[in-house]
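Heads up, the thing below is written out as structure tokens.
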Amino acid sequence: MASRSKKTDTSTPLPTARQLLDWYDRHARDLPWRISPKARKKGAVADPYKVWLSEIMLQQTTVKTVGPYFLKFVEMWPRVEDLAAASSPEVMSAWAGLGYYSRARNLHACAKVVADQHGGTFPQTEDGLLALPGIGPYTAAAVASIAFDQPAAVMDGNVERVVSRLFAIDTPLPVAKTHIKERLNELVPQKRPGDFAQATMDLGATLCSPKKPACALCPWTEECAANAKGIAETLPVKPPKKAKPTRYGSAYWLTDAKGHVLLRTRPPKGLLGGMDEVPGSEWSEQTTQPTTDEAPAKTDWQQLPGKVTHVFTHFALELTVYTAQAATRSKVEGDWVPLDALAQRALPTVMRKIVAHADPEAAKQFRKKA
DNA sequence: AAACCGTGGTA
DNA sequence: TTACCAAGGTT
């Protein structure tokens, strides 16, 4: 029997890692955490701590958003031991605004494990990395290949798109992931596996984009089965998304005679876990009348005009904001925080929106500095 | 295994 | 405006 079917023979040539690496040598993005292909050939090696830190930050987060956070973290904590020695509020505050706050909790936990149980050195194998908090299949493979030159199959959303198109895999995600990873494994080179991983992600982030891919510029344009069939833009096939409900609630901006404001720290797990908050009511899907029944003090609350709206991953939120001056500091839970110290707190974006609504002057400190 | 978990940019 | 999506992990 013939080794290749007639259908395959009339299809596209097999793609090679060499084609992609040649493209990467000319078009690699210049990123703060990256060793350029040129520097790498001269012997420069990546710092595993920076590779790991960047990969955690980049989970479901754009390169543009991560940039300033990465630079700030590296400046504040240049080595994994420094991060391990930081306090939890410091780390959560530095992460504030980046989202998916379990990443920050796991980041800190992982730094402590590496510092305390691994002598400050990251494990060099996928399995070793996988055992650390916050490191899943993607990140384990990424750190193993980029920092330690292991030929691991690094599969993220970009790579799923690139490979599903390259081989015209039209099985819907997530079922297709197994098949995609098999095909990816066949492509991973023994030489420069870290550059190959970064190259596939660069390709997906630039040319092989979700919409309007620039197939004419792609190093695999001749090899791409989806391009040959004219169906590149339709791949990968994704399941429909669920509808996003709206929840409603109230937030209570309570200041004292010195102009300090009452903040609380949320429970360590769940939504915005471990972050600070302006005290608030439960968030209900029922559009009940806004109330001060759940406020931190019985006092003369004033309802502010307008609403604060925010969209989370799986629901939208609409908040009514009340303000009041506390007669006394007694009998309230939480911390009284000076208004000029809010930027030092771990306030997620939705809470910064509440600050801006209740006290626009106090919110000015949140503006990004150039 | 499906749900949960943020945010900002883009079309 | 709505919808989609970005270097996913945990439970």
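Residue numbering restarts at 1 for every chain, and letters A, B, ... go by the order of the sequence lines.
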Item to check | C1' gap between C/dA7 and B/dA3, integer Å | outcome: 22 Å
Item to check | Distance in angstrom units between A/L129 CG and C/dG8 C1', rounded | outcome: 15 Å
Checklist entry - For DNA chain C, which residues in residues 54-61 of chain A have a heavy atom at a distance below 4.0 Å? => result A/E55, A/L58, A/Q59, A/Q60
Item to check | Along DNA chain B (nearest heavy atom to each residue), the more 5'-positioned of A/K242 and A/F312 | outcome: A/K242
Checklist entry - Relative to each other, are the rings of A/H27 and A/W23 parallel, tilted or perpendicular (30° and 60° limits)? => result tilted
Checklist outcome for this item: Under a 4.0 Å heavy-atom cutoff, the residues of residues 174-182 of chain A touching DNA chain C are none
Item to check | Backbone N/O of A/E277 and side chain of A/R264: donor-acceptor pair under 3.5 Å | outcome: no
Next on the checklist: Give the residues of residues 130-154 of chain A touching DNA chain C, defined as any heavy atom closer than 4.0 Å, sorted by residue number.
Outcome noted: A/P133, A/G134, A/I135, A/G136, A/P137, A/Y138, A/T139
Next on the checklist: Looking only at the side chains, is there a donor atom on one of A/Q198 and A/R34 sitting less than 3.5 Å from an acceptor on the other?
Outcome noted: yes
Checklist entry - Distance only, no hydrogens: is a donor on one side chain within 3.5 Å (strictly under) of an acceptor on the other, for A/N158 and A/R161? => result yes
Next on the checklist: Using heavy-atom distances to pick each residue's nearest nucleotide on DNA chain C, tell me which of A/K241 and A/K269 is more 5'.
Outcome noted: A/K241
Item to check | Sub-4.5 Å side-chain heavy-atom contact between A/W95 and A/R103 | outcome: yes
Item to check | Linked hydrophobic residues, A/V45 as query - side chain contacts closer than 4.5 Å | outcome: none
Next on the checklist: Measuring only between side-chain heavy atoms, which start at C-beta, is A/F73 closer than 4.5 Å to A/L107?
Outcome noted: yes
Checklist entry - Parallel under 30°, tilted from 30 to 60°, perpendicular over 60°: which one fits the rings of A/F70 and A/W33? => result perpendicular
Next on the checklist: Measure NZ/A/K238 against P/C/dA3 and give the value in whole Å, please.
Outcome noted: 16 Å
Checklist entry - Is the shortest side-chain N/O distance from A/R161 to OP1 or OP2 of C/dA6 below 4.0 Å? => result yes
Next on the checklist: Counting only side-chain heavy atoms from C-beta out, which of C/dA6, B/dG6, C/dG8 sits nearest to A/R103?
Outcome noted: B/dG6
Next on the checklist: Mind checking if A/W33 touches a base, just sugar-phosphate, or nothing, with heavy atoms under 4.0 Å?
Outcome noted: base
Checklist entry - For A/H310 and B/dT7, is the shortest distance between a side-chain N/O and OP1 or OP2 below 4.0 Å? => result yes
Checklist entry - Are A/D256 and A/Q325 side-chain neighbours, meaning at least one heavy-atom pair lies under 4.5 Å? => result no
Item to check | Nearest-Å distance for atom pair CG/C1', residues A/L271 and B/dC5 | outcome: 7 Å
Next on the checklist: Under 4.0 Å, counting only non-hydrogen atoms across every strand here, what does A/R29 touch: a base, just sugar-phosphate, or nothing?
Outcome noted: base
Checklist entry - Between A/Y100 and C/dT10, is there a side-chain N or O to OP1/OP2 distance below 4.0 Å? => result no
Item to check | Polar side-chain contact A/T65-B/dG8 base: donor and acceptor under 3.5 Å | outcome: no
Checklist entry - Are more than 12 heavy atoms from other residues, nucleotides or ligands located less than 6.0 Å from atom CZ of A/R18? => result no
Item to check | Test log, rule side-chain hydrogen bond (donor to acceptor under 3.5 Å, both in side chains), inputs A/E126 and A/Q150 | outcome: CA-CA 9 Å; A/E126 274 189 89; A/Q150 310 256 349; over 6 Å; no
Item to check | Passing option when A/D149 is tested against A/K191, A/R40, A/R192 for salt bridge (charged side-chain N to carboxylate O under 4.0 Å, His left out) | outcome: A/R40
Checklist entry - In whole Å, what is the span from the CZ atom of A/F315 to the P atom of C/dA3? => result 18 Å
Item to check | Over-ring placement of A/R352 relative to A/W253, 6.0 Å and 45° cut-offs | outcome: no
Show the atom names and distances, to 0.1 Å, of all donor-acceptor pairs under 3.5 Å that link a side chain in residues 236-251 of chain A to residues at least two apart or in another chain.
| residue | atom | partner | partner atom | Å |
| --- | --- | --- | --- | --- |
| A/K244 | NZ | A/F312 | O | 3.1 |
| A/K244 | NZ | A/T313 | O | 3.1 |

Checklist entry - So, A/Y138 and A/Q59: side-chain donor and acceptor under 3.5 Å apart, yes or no? => result no
Checklist outcome for this item: note: A/M155, atom CE; C/dA6, atom P; distance rounded to Å ~ 14 Å
Checklist entry - Can you check the A/L272 CG to B/dG6 P distance for me, whole Å? => result 5 Å
Checklist entry - Expressed in whole Å, how much space separates the P atoms belonging to B/dG6 and C/dA3? => result 22 Å
Checklist entry - Say you pick atom C1' in C/dT11 and the same atom in B/dA1; how far apart are they, in whole Å? => result 10 Å
Checklist entry - Among residues 194-213 of chain A, which contact DNA chain C at a heavy-atom distance under 4.0 Å? => result A/M201, A/A205, A/P210
Checklist entry - Is A/K50 atom NZ crowded by more than 12 heavy atoms from other residues, nucleotides or ligands, each under 6.0 Å away? => result no
Checklist entry - Rounded to whole angstroms, how far apart are CD on A/E233 and C1' on C/dC5? => result 14 Å
Next on the checklist: Just N and O in the side chain of A/T349: are any of them under 4.0 Å from OP1 or OP2 of B/dT7?
Outcome noted: yes
Checklist entry - Tell me: CG of A/L107 to P of B/dC5, nearest whole Å? => result 20 Å
Checklist entry - Below 4.0 angstrom from OP1 or OP2 of B/dA3, is there any side-chain N or O of A/H314? => result no
